[in-house]
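All remarks here apply to the structure that follows.
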2 protein chains.
Amino acid sequence: MKRLPIAERREQLIEAAITVASRDGIDAATVRAVAAEAGVSLGVVHYCFQDKDELLEAMAHEITRQNLSQSLLEMPVSGDADVIIGRALELLWTGISATRGSQLLSYELTTYSMRHPEVRQVSVNQYVVSHEAARQFLETLARSARIDWTLPIEVMSRLVVMMTDGVVLAWLADDDDGAARETLEVFAQFLSAHAELQDGRGEDGLSRRVVRDRTA
Amino acid sequence: MKRLPIAERREQLIEAAITVASRDGIDAATVRAVAAEAGVSLGVVHYCFQDKDELLEAMAHEITRQNLSQSLLEMPVSGDADVIIGRALELLWTGISATRGSQLLSYELTTYSMRHPEVRQVSVNQYVVSHEAARQFLETLARSARIDWTLPIEVMSRLVVMMTDGVVLAWLADDDDGAARETLEVFAQFLSAHAELQDGRGEDGLSRRVVRDRTA
DNA sequence: GTCTATAGTTGGATAGAC
DNA sequence: GTCTATCCAACTATAGAC
């Protein structure tokens with residue numbers, strides 16, 4: 001094929017790796033398969049990456065970045081706080097459910113990383129990035145809905161990350177989009193229950209709780 | 001080695017498979033490694049199981065069963081509902097955090113199953129079993145604390161499964177036991193907020209909410 | 001039932017021609 | 001920079017002796 005500067009070749013190979021791994025699983029993302037997907041020969045990959053782990057790590061970094069940018073969508077702006085929160089989670093879910101392969105790959109990378117000390121940082125990084133994304137998500141949400149959270153932002157964002165992970169994993173298993181959305185709605189109510197209207201007059205926030213829990 | 005009836009040999013090999021896979025990961029659980037762990041030769045495994053998938057499926061079934069039985073502990077009995085709920089989640093977590101390898105293996109099996117149609121039922125089964133365990137957990141909890149849940153039991157148990165999955169996954173990544181417990185405490189408050197005291201006189205339950213959400 | 005031996009694949013990694 | 005050819009290790013699975 002054509003002669004490319006090594007940096008571009010690397011990017012191309014990383015994209016190919018993501019394509020193969022998202023489609024066929026992390027075990028299928030062999031050096032050979034990636035080379036074939038990119039349309040280059042085996043040697044080229046080893047010229048661009050010292051070994052398979054280096055390629056895998058680069059791929060993990062890129063897919064984490066991609067999953068992040070798609071989850072931080074523009075936030076809906078109008079309506080009551082609980083409506084905005086519900087709508088925001090809906091949008092989040094829309095982005096997630098459209099990328100089944102990537103989501104599954106992300107979990108495969110997580111478990112792979114946990115078993116291989118050489119790439120242990122991958123899963124740590126995934127979590128740090130997710131946590132930071134959730135934090136931004138909640139902060140943007142708070143600004144849009146003009147609310148404050150009644151729990152520390154770290155606790156709230158941790159909850160968001162874990163709930164999201166749990167819902168995605170179950171959805172990957174049962175492919176039940178409705179159940180996932182339903183669960184997220186309940187979670188949205190939980191978030192709403194931990195929101196209080198902002199005020200400029202230093203009032204006691206507790207009395208202005210936006211939404212109490214709604215019993216079914 | 002000794003000559004064992006095939007059923008016993010199978011059990012022994014399944015245990016060996018769990019040992020290897022919990023310790024070194026699902027990829028390390030090759031037929032060879034399992035045979036070595038069990039102290040038998042390669043051929044024996046293929047005599048007991050048609051192929052690797054059959055062994056893997058048997059292992060998945062067994063580990064799911066084990067994780068289930070350890071998560072359904074005896075429930076604490078005395079105290080207020082919110083105390084009982086918190087204590088129950090603590091006990092649940094104690095059981096989980098003592099079995100790191102098994103937990104990680106469980107997720108490895110999940111992703112593996114999702115990529116291999118031949119064993120696709122494994123992850124479906126995992127989810128069904130978890131869901132059923134959560135349901136029993138919540139029902140026992142309700143009996144002990146003399147409460148009713150204000151959301152359908154299916155919705156509640158789904159939430160428990162997903163929250164648990166998310167917390168465990170994060171804990172596997174960051175090894176932060178404190179953060180995991182903290183998150184579960186918040187989740188316990190959520191559960192408490194969806195509990196209402198049972199009464200024998202048909203009163204309106206909403207007015208007898210055990211615990212409102214506690215703001216931080 | 002259990003063993004050894006081996007067939008048949010696949011994949012990581014490198015060497016060397018171009 | 002890219003290609004082909006090749007080496008070597010590890011794995012699944014089976015055949016056949018004991």
Side-chain angles (χ1 to χ4, degrees), chain A residues 1-21 23-60 105 108-109 112-113 115-119 122, chain B residues 1-21 23-60 105 108-109 112-113 115-119 122:
Chain A
M1 303 287 151
K2 270 205 39 116
R3 294 171 99 84
L4 258 56
I6 192 164
E8 284 181 37
R9 187 60 89 193
R10 278 179 63 109
E11 280 179 43
Q12 179 199 6
L13 291 173
I14 291 170
E15 278 310 311
I18 290 178
T19 302
V20 176
R23 189 184 55 216
D24 304 325
I26 195 172
D27 291 342
T30 64
V31 178
R32 292 177 133 83
V34 171
E37 179 73 31
V40 301
S41 66
L42 187 56
V44 176
V45 181
H46 277 104
Y47 175 76
C48 295
F49 298 92
Q50 226 202 356
D51 56 22
K52 195 194 175 184
D53 280 341
E54 199 181 301
L55 170 58
L56 225 65
E57 204 162 345
M59 177 182 80
L105 173 56
E108 291 181 287
L109 281 168
Y112 183 91
S113 158
R115 291 293 190 187
H116 298 83
E118 324 84 69
V119 290
V122 167
Chain B
M1 302 293 151
K2 268 207 42 122
R3 296 170 99 82
L4 258 56
I6 193 164
E8 283 182 38
R9 187 61 87 193
R10 278 179 65 109
E11 278 180 44
Q12 179 200 5
L13 290 173
I14 290 170
E15 277 310 311
I18 290 177
T19 301
V20 176
R23 188 183 57 216
D24 304 325
I26 195 172
D27 291 341
T30 64
V31 178
R32 292 176 129 81
V34 171
E37 179 72 30
V40 301
S41 66
L42 188 56
V44 175
V45 181
H46 277 104
Y47 174 77
C48 294
F49 297 92
Q50 225 202 357
D51 55 22
K52 197 195 176 182
D53 280 342
E54 196 180 304
L55 170 59
L56 225 66
E57 204 163 346
M59 178 183 79
L105 173 57
E108 292 180 286
L109 282 169
Y112 183 92
S113 158
R115 290 292 190 189
H116 298 82
E118 324 83 69
V119 290
V122 166

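So you know, we letter chains A, B, ... as the sequences are listed, proteins then strands, and number each from 1. Since the structure is predicted, the reported quantities are computational estimates derived from the model, not experimental observations.
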_Show every salt bridge (Lys or Arg N to Asp or Glu O under 4.0 Å) that has at least one partner inside residues 12-21 of chain A, sequence neighbours left out._
none
*With a 4.5 Å limit on heavy-atom distance, are the side chains of A/V40 and A/L13 in contact?*
yes
Sequence neighbours left out, cut at 3.5 Å: what donor-acceptor pairs do the side chains of residues 52-60 of chain B make with other protein atoms?
residue, atom, partner, partner atom, Å
B/E54, OE1, B/Q50, N, 3.4
B/E54, OE2, B/R10, NH1, 3.3

_A/S41: partners by side chain to side chain contact (heavy atoms under 4.5 Å, CB included), with sequence neighbours left out_ = A/V44
*Mind calculating the distance between CG (B/D24) and C1' (D/dC11) to the nearest angstrom?*
16 Å
*asked:* Among residues at least two apart in sequence or on other chains, which ones pass side chain to side chain contact (heavy atoms under 4.5 Å, CB included) with B/Q12?
replied: B/L4, B/R9, B/A38
_Please enumerate all residues that pass ring-ring contact (aromatic ring centres under 6.0 Å, His included) together with B/Y112, with sequence neighbours excluded._
B/H116
*When the distance from CZ of B/R3 to P of C/dG1 is rounded to whole Å, what number comes out?*
8 Å
_B/S/- contact track for nucleotides 11-18 of chain C, protein heavy atom under 4.0 Å_ = BBBB----
_Integer-rounded Å distance: C/dT4 P and B/Y47 OH_ = 18 Å
*Using whole Å, report how far CD1 of A/I6 lies from P of D/dG1.*
6 Å
*Rounded to whole angstroms, how far apart are CZ on A/F49 and C1' on D/dG1?*
15 Å
